[in-house]
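Here's the structure we're looking at; comments come further down.
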Number of protein chains: 4
Amino acid sequence: MNASDTTPQSESETPPRWRRRSDARPGEIVEAALELFVTKGFTATRMDEIARAAGVTKGTLYLYFPSKEDLFRAVVHETVVPRLEMGERLVAGHTGPAADLLRALVHAWWEKIGDSRLSYMAKLMTAESANFPELTRYYVEEVVLRARRIFASALRRGIESGEFRGDLPLHDAARLVLAPLVQGAAYRHSMLAFDPEPLEMTTYLDLHMDIFLRGIAKTAETETDA
Amino acid sequence: MNASDTTPQSESETPPRWRRRSDARPGEIVEAALELFVTKGFTATRMDEIARAAGVTKGTLYLYFPSKEDLFRAVVHETVVPRLEMGERLVAGHTGPAADLLRALVHAWWEKIGDSRLSYMAKLMTAESANFPELTRYYVEEVVLRARRIFASALRRGIESGEFRGDLPLHDAARLVLAPLVQGAAYRHSMLAFDPEPLEMTTYLDLHMDIFLRGIAKTAETETDA
Amino acid sequence: MNASDTTPQSESETPPRWRRRSDARPGEIVEAALELFVTKGFTATRMDEIARAAGVTKGTLYLYFPSKEDLFRAVVHETVVPRLEMGERLVAGHTGPAADLLRALVHAWWEKIGDSRLSYMAKLMTAESANFPELTRYYVEEVVLRARRIFASALRRGIESGEFRGDLPLHDAARLVLAPLVQGAAYRHSMLAFDPEPLEMTTYLDLHMDIFLRGIAKTAETETDA
Amino acid sequence: MNASDTTPQSESETPPRWRRRSDARPGEIVEAALELFVTKGFTATRMDEIARAAGVTKGTLYLYFPSKEDLFRAVVHETVVPRLEMGERLVAGHTGPAADLLRALVHAWWEKIGDSRLSYMAKLMTAESANFPELTRYYVEEVVLRARRIFASALRRGIESGEFRGDLPLHDAARLVLAPLVQGAAYRHSMLAFDPEPLEMTTYLDLHMDIFLRGIAKTAETETDA
DNA sequence: AATGAATGAGTTTTCATTCAT
DNA sequence: TATGAATGAAAACTCATTCAT
């Protein structure tokens, strides 16, 4: 594996290599590739398999993507790009208790992301981070940090309104809200099949919110601390 | 670097091409393989690399492990086997508040597991679950379920003693305690390098415990619920 | 060798690195493999050599045969399958003296088999019997037993017509007719090159038939025996 | 396989490489190697297996034989050398009918050779002839030609005494006496296991002699021919 | 655009041979 | 002598990529 793609991509000059060149075809290929990459990993997935899953032949792949690595990049970009704006809009447009905002974000996350192809990304990018550093950097910036900022700003809102404890370190707290979401999504795509205990995501996330919101609520005691 | 070498026994002897190391060998190989498997993934790791990292030749690998897959299995087994008993003993031997037990467990987890090779396993097994189903089953049973049971019994202790809310679904709650630990460990081995925000695990886990314990504490309100 | 090459279409075109040959390919590979397997043995023959002899690259071999063993099986099956019917038809369609039938069979054997690729099989299957038991079973059933039955039924015909001695054990007698044919074929493909004495197969087989037919002819003496 | 050992062996100058250097050990090794070489073929037999079968370790093999090929040569030489004299003595010492001599030779062959390790050689040398040309030459001279000469001289004796037809080409006739012996021996070591029809060698050889001797007997008819 | 036969560099695996003990 | 851990060259096999059709 020599995917050390550390060359800075001057995105304004060269056209991005992953952009679809035709109509429906590339989309089907990306879809098929995503599924397989997540399940088996990048290296263990063969171009042959992707082609078969997409209903084309191996040669056709190379009509749309110059290499397997470029296909991988396309998969990541196309899956990642369009999603998180909705979260940012939710935060921007929200009035009322911050707890409600947090709950809305978590449920939106689950509906729009956790239950979608993007949730595959957590597992995929974690596994391939060392093999695709440049792509990982992109993912961290475009997804991880952006998601964390969304939740951090909801938390800040609650602190400012006096709902949440004032002593919360925002970044770590945001990480803690997100951890069960991300971990749950990855688990669903990997070990859950071998777990005798069922995992009902909505119940699980409700409980998470219940505990977490109590845990960060401003109380008489915490008020004294601040 | 001069010819006047003062050590008496270094005449013109060429160092032996290899030296028998017998007992230590398999362990060194497993160690090297673990590191590489976690970093690059199973398929992307070359037997050559493992050999070089272990300071032997490719052939030697096959002296101890009949195939790459068997080496992978050995890596998982040897890393997983001996750890979790300590957690079980902690629970069994504990007297006093259940909150203290939970905090002790989390810190023990971090010291004994999160900061050790075993923490690599979460990332590795998540990535390879589809490629190694039997091994994943083994891992789920020996690690995931066992860890969850440890935390679940600490939670039950707290419920029975009246410290924690009586309405906690034990399995999901245990999952929620564990999620930030596992997620944090995996993140450290993958994307953290690209994250401008530092992650101080002890601070992070203290905050987790702080929030979580407040969140499950029995209060006037929750008492009415039960 | 001059620049003045007169053929009009040989401008500066490099010949294509390869040409699709589709239907012919597997047959050519089997042919090349047979030759090498017989000469050097299964294990001592390298896939590389087979590829070179067939005018393709190693990879192409695996396009048609999933493994070296499967290629070996294909070689045996393709070589063995179509031949022996002719012998069976000869027996079925024959009228006249059984001695003539036997002579016709021996000569047909030599022309259709002994001098063809199938004669290689005796040497090959003898050498590899322990390494390919299922294939040996197939070969014994499809070739050895069938050939023996053909000769046995010719012998039976002669016994019934009173030409041949009535006390002949058919199976052993058939083995004895065949032994010089098979042995001769194997010898031709192995030691004959080192034998100063020439082996003229038609002379050799004529002598065989001459001696054998006298040896099994019904005489006054043997008539008394029966 | 690069066993093209065409260099002429100056046997009087260099000591033969295959000679045993110790007492019992080399004999056991040769014995084990013979068995395996015959069963699986030279290339398919691993030094490891030979060592295990001989009850020593791989390293020990190299104490006695400088290479696998040399071990093969030792196997052939030690198995082949001492046998055929007895046949030559039988011919030299015989008085009485040549038919009896021929029968005695065939039975001696079976008892001393066909049923012994030397009978393995036919299969082994046939299979490896292309890989060991020098050795095959040796085998042809020391075994094949010698055996043929023994039978040929018995036949000549019978012709001279008027028992056998005068028109027999000696070499081909000798080949025809031998073919069922050699073929039978090879078959026993390979396909017989898959043959539903039993092969009783003494019955088989008696029938062979019976037919063959009748076939070459001088009769009124053949007398006229001569 | 699409195919799929063919390639060839790279990967896992094997095994005869060596050599420190 | 004997061992057996270690080697390394060579073998089987894989698969991303190319290219004639």
Side-chain angles (χ1 to χ4, degrees), chain A residues 1-2 21-23 25 43-51 55-71, chain B residues 15-26 43-51 55-71, chain C residues 15-26 43-51 55-71, chain D residues 1-2 21-23 25 43-51 55-71:
Chain A
M1 159 86 46
N2 267 326
R21 286 192 214 156
S22 167
D23 229 27
R25 240 345 112 58
T43 316
T45 298
R46 277 155 25 253
M47 291 297 265
D48 242 350
E49 296 178 288
I50 297 172
V56 297
T57 58
K58 242 190 311 182
T60 306
L61 263 36
Y62 288 85
L63 246 39
Y64 297 100
F65 306 96
S67 77
K68 193 185 179 188
E69 297 201 354
D70 286 294
L71 174 52
Chain B
R17 283 198 302 176
W18 48 266
R19 187 172 311 155
R20 136 176 319 174
R21 202 112 47 104
S22 194
D23 288 352
R25 274 284 185 270
T43 315
T45 299
R46 309 293 161 213
M47 290 299 262
D48 246 353
E49 297 177 288
I50 298 173
V56 296
T57 58
K58 249 185 311 178
T60 305
L61 262 37
Y62 289 87
L63 229 52
Y64 296 102
F65 307 96
S67 75
K68 193 183 176 187
E69 296 209 351
D70 285 295
L71 173 54
Chain C
R17 283 199 303 176
W18 49 267
R19 186 172 312 155
R20 139 176 316 175
R21 201 108 51 101
S22 196
D23 288 352
R25 275 282 184 271
T43 315
T45 299
R46 310 292 159 214
M47 289 299 261
D48 246 353
E49 297 177 289
I50 297 173
V56 297
T57 57
K58 246 187 314 176
T60 304
L61 262 37
Y62 289 87
L63 228 52
Y64 295 101
F65 307 96
S67 76
K68 192 184 177 188
E69 296 210 350
D70 284 295
L71 174 53
Chain D
M1 162 82 50
N2 267 328
R21 286 194 213 153
S22 166
D23 229 28
R25 237 349 108 59
T43 316
T45 299
R46 278 154 26 252
M47 292 297 266
D48 242 352
E49 296 178 288
I50 297 172
V56 297
T57 59
K58 243 190 311 183
T60 306
L61 262 37
Y62 287 85
L63 247 37
Y64 296 102
F65 307 97
S67 77
K68 193 185 179 187
E69 297 201 354
D70 286 294
L71 173 54

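The chains referred to below are lettered A, B, ... by the order of the sequence lines, with proteins before strands, and numbering in each begins at 1. Model, not experiment: these values are computed from the prediction.
- If you measure from atom OH of C:Tyr64 to atom P of F:dT14, you get 17 Å, rounded to the nearest angstrom.
- The 5' end of DNA chain F is approached more closely, in terms of each residue's nearest nucleotide, by B:Gly59 than by the other of B:Gly59 and C:Gly59.
- At whole-Å resolution of the value, CG in C:Leu63 and C1' in F:dC15 are 11 Å apart.
- Residue order along DNA chain E, read from the 5' end via each residue's closest nucleotide, puts A:Thr57 first among C:Leu61 and A:Thr57.
- Minimum interatomic distance between D:Thr43 and C:Ala44 (heavy atoms only, all atoms of both residues): OG1-CB, 3.3 Å.
- As rounded to whole Å, 10 Å separates atom P of F:dT14 from atom CE of C:Met47.
- Listed candidates were E:dG4, F:dT3, F:dA12. Nearest to the side chain of C:Arg46 is F:dA12.
- The CD-C1' distance, from D:Glu69 to E:dC15, rounds to 14 Å in whole Å.
- For the OP1/OP2 pair of E:dT17 and a distance below 4.0 Å, the side-chain nitrogens and oxygens of D:Tyr62 include at least one atom meeting the criterion.
- Taken to the nearest 0.5 Å, the OH atom of B:Tyr62 stands 10.0 Å off from the CG atom of B:Asp70.
- Rounded to a whole Å, the CG atom of B:Leu71 is 17 Å from the P atom of E:dT11.
- Atom NZ of B:Lys68 and atom P of F:dC13 are 18 Å apart (whole Å).
- With DNA chain F read from its 5' end, the first of the two nearest nucleotides for C:Ser67 and A:Lys58 is the one closest to C:Ser67.
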D:Arg46 vs D:Glu49, salt bridge (Lys or Arg N to Asp or Glu O under 4.0 Å): CA-CA, chis, key distance, verdict:
CA-CA 5 Å; D:Arg46 278 154 26 252; D:Glu49 296 178 288; 3.7 Å; yes

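- Across all strands shown, F:dA12 forms a Watson-Crick or G-U wobble pair with E:dT11, both key distances being under 3.5 Å.
- Atoms CD1 and OG1, on A:Ile50 and A:Thr60 in that order, are 13.0 Å from each other to the nearest 0.5 Å.
- Minimum interatomic distance between D:Met47 and D:Lys68 (heavy atoms only, all atoms of both residues): SD-CG, 3.5 Å.
- Atom CD1 of C:Ile50 is separated from atom C1' of E:dA6 by 18 Å (rounded to the nearest Å).
- At least one side-chain nitrogen or oxygen of B:Thr60 sits closer than 4.0 Å to the OP1 or OP2 atom of F:dT7.
- With a 3.5 Å ceiling on both atom-pair distances, the Watson-Crick or G-U wobble partner of F:dT18 is E:dA5.
- Atom CG of B:Asp48 is separated from atom P of F:dG8 by 12 Å (rounded to the nearest Å).
- Contacts of B:Thr45 with the nucleic acid, taken as non-hydrogen atoms under 4.0 Å apart, involve only primed sugar atoms and P, OP1 or OP2.
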